[in-house]
Structures are given as C-alpha cells and as structure tokens.
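Report on the structure given below.
Sequential numbering from 1 along the given sequence is applied to the chain's residues.
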Amino acid sequence: MDGTEPAAPVPADVSGTGTSEPAFSAALDGEGPCISTARRMAADFLAQVQAVHGLPVSGRAMDLTQLVVSELVTNSCKYAPGPILLELRIVGDLVEITVWDSDPVLPIARAADPARIGQHGLEIVMSVAQAFEAQRQPVGKSITARLALPDDPGGAVAGRLPL
C-alpha cells in the first residue's frame with residue numbers, strides 16, 4: 001500500500017471469544033496525503049460495517065470517527081518521523097480507533113486557553129470519545145479512542161460521562 005489507496009476492511013477475531021468482529025489495519029507513510037487517506041479509510045470501514053455486518057452507524061459516529069482519525073494521524077505526521085499504523089475495529093457498539101507512531105512521547109492535553117491558536121486536537125478527541133488512552137509501546141506509542149456507533153435514542157449527549 002502506498003498510503004493513497006484505501007484497503008478493504010479485514011474481518012478479524014478481535015473479541016478473543018472466537019467471534020468475528022469487523023476490523024481494519026493500514027500502514028501509512030506519514031506524508032501529508034496520508035491524513036485524507038486515513039479519513040477515507042475510516043469512512044469506508046464504517047460503511048462496510050453498516051452494509052455487510054448490519055451494525056448501526058449514525059451520521060454523527062461517521063463524522064466523529066473521521067474527525068478523530070484526522071486529528072490523531074495529523075499529530076503523528078507532525079510529531080513522529082516515519083510510518084504510522086491505523087487500526088479500526090468494532091467492539092460491541094463502539095468503534096475503536098488506534099494510531100501508532102514512532103515517537104515515544106505521550107501527548108498531554110493542555111489547559112483551556114481561548115487565546116491559543118491551534119493545538120486543540122487532543123482536547124477535541126478527548127471530549128468526543130467515550131474512552132481514550134495513550135500507551136508507550138516497545139517502539140513509539142499508540143493512542144486509542146473509542147466512539148459510540150449509534151446515537152442514543154434517549155437523546156443523551158455523546159462523549160464521556162461526567163464524574
């Protein structure tokens with residue numbers, strides 16, 4: 001893969017229970033065009049989840065998944081030299097987005113500052129995700145965000161619940 005062609009989602013047993021859950025993985029070259037490619041891959045993956053597996057994917061989930069993928073891949077392109085690995089998988093009624101890069105430094109959300117221009121991506125990701133984690137790996141780090149696929153029929157606001 002050259003970082004510009006979307007690949008078809010690959011079914012994988014991600015639950016560890018012997019059941020097949022939709023999953024997708026792609027290596028990106030870390031160059032500028034890979035950001036839009038990653039967004040397109042995420043949209044294609046969720047379209048397949050809906051069409052092939054019959055799982056509900058709200059318009060909001062489609063948009064937020066592309067936003068989160070774009071923010072995480074952009075940060076990897078900006079701060080980590082070399083390739084990036086994008087992994088998407090369905091876990092229950094969530095889409096799990098994981099981006100790996102070669103930089104071992106974990107991101108830190110900055111304090112809110114309305115005068116700051118830029119560098120709000122991590123704050124945005126954390127505010128829309130049901131779960132977020134950053135982990136050092138033997139080489140580099142991985143960032144994972146989980147988003148709800150369906151909209152809440154009760155009208156509850158998506159994102160993390162207040163403590």
Side-chain angles (χ1 to χ4, degrees), residues 1-78 80 82-102 107 120-135 137 140-161:
M1 170 169 271
D2 66 3
T4 60
E5 292 300 318
V10 177
D13 175 12
V14 295
S15 64
T17 63
T19 61
S20 181
E21 295 281 351
F24 171 81
S25 180
L28 304 166
D29 61 12
E31 299 299 320
C34 79
I35 299 165
S36 62
T37 299
R39 277 194 308 267
R40 188 173 64 245
M41 289 175 174
D44 291 348
F45 172 72
L46 290 181
Q48 287 285 330
V49 162
Q50 220 170 5
V52 174
H53 298 277
L55 296 173
V57 177
S58 69
R60 184 175 193 279
M62 180 70 79
D63 292 343
L64 289 178
T65 298
Q66 292 178 80
L67 172 68
V68 169
V69 165
S70 184
E71 291 294 339
L72 295 180
V73 172
T74 296
N75 285 348
S76 290
C77 287
K78 188 173 179 180
I84 298 164
L85 180 63
L86 170 66
E87 295 178 336
L88 305 167
R89 68 181 186 158
I90 302 302
V91 180
D93 65 350
L94 302 172
V95 59
E96 183 177 86
I97 303 157
T98 301
V99 174
W100 171 90
D101 66 43
S102 63
H120 296 280
L122 187 58
E123 295 169 51
I124 293 168
V125 169
M126 292 174 73
S127 71
V128 301
Q130 274 66 33
F132 174 86
E133 70 181 341
Q135 293 185 327
Q137 299 298 329
K141 69 177 170 298
S142 63
I143 308 295
T144 301
R146 293 175 192 86
L147 304 172
L149 289 172
D151 282 336
D152 183 355
V157 175
R160 280 196 249 159
L161 298 174

Nearest-0.5 Å distance, [atom1] of residue [X] to [atom2] of residue [Y]:
X: E96; Y: E133; atom1: CD; atom2: CD; answer: 7.5 Å
X: R89; Y: T144; atom1: CZ; atom2: OG1; answer: 8.5 Å
X: S76; Y: L86; atom1: OG; atom2: CG; answer: 9.5 Å
X: W100; Y: Q137; atom1: CH2; atom2: CD; answer: 9.5 Å
X: D93; Y: L147; atom1: CG; atom2: CG; answer: 11.5 Å
X: Q66; Y: R40; atom1: CD; atom2: CZ; answer: 11.0 Å

Apply side chain to side chain contact (heavy atoms under 4.5 Å, CB included) to E87 and list each qualifying residue two or more places apart in sequence or on a separate chain.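 Only S25, L85, T98 meet the side chain to side chain contact (heavy atoms under 4.5 Å, CB included) criterion with E87.
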Side chain to side chain contact (heavy atoms under 4.5 Å, CB included) against P107, all qualifying residues, sequence neighbours excluded: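 For P107 the side chain to side chain contact (heavy atoms under 4.5 Å, CB included) partners, ignoring immediate neighbours, are L122, A134, K141, I143.
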Check [X] against [Y] and note the closest heavy-atom contact, atom names and distance.
X: V73; Y: I84; answer: O-CD1, 4.1 Å
X: I90; Y: G92; answer: CG2-O, 3.4 Å
X: V125; Y: E71; answer: CG2-CB, 3.7 Å
X: A47; Y: M62; answer: N-CE, 4.0 Å
X: A61; Y: A148; answer: CB-O, 3.3 Å

Hey, which of V99, V95, L88, T74 is the one that makes side-chain contact (heavy atoms from CB on, under 4.5 Å) with V69?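 It is L88; the other options fail the test.
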The criterion is side chain to side chain donor-acceptor pair (under 3.5 Å); which residues satisfy it with T65, sequence neighbours excluded?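 None.
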Check against side-chain contact (heavy atoms from CB on, under 4.5 Å), L28 and M41: CA-CA 11 Å; L28 304 166; M41 289 175 174; 4.1 Å; yes
Flag side-chain contact, heavy atom, 4.5 Å: P56 against L149: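 No, their side chains stay 4.5 Å or more apart.
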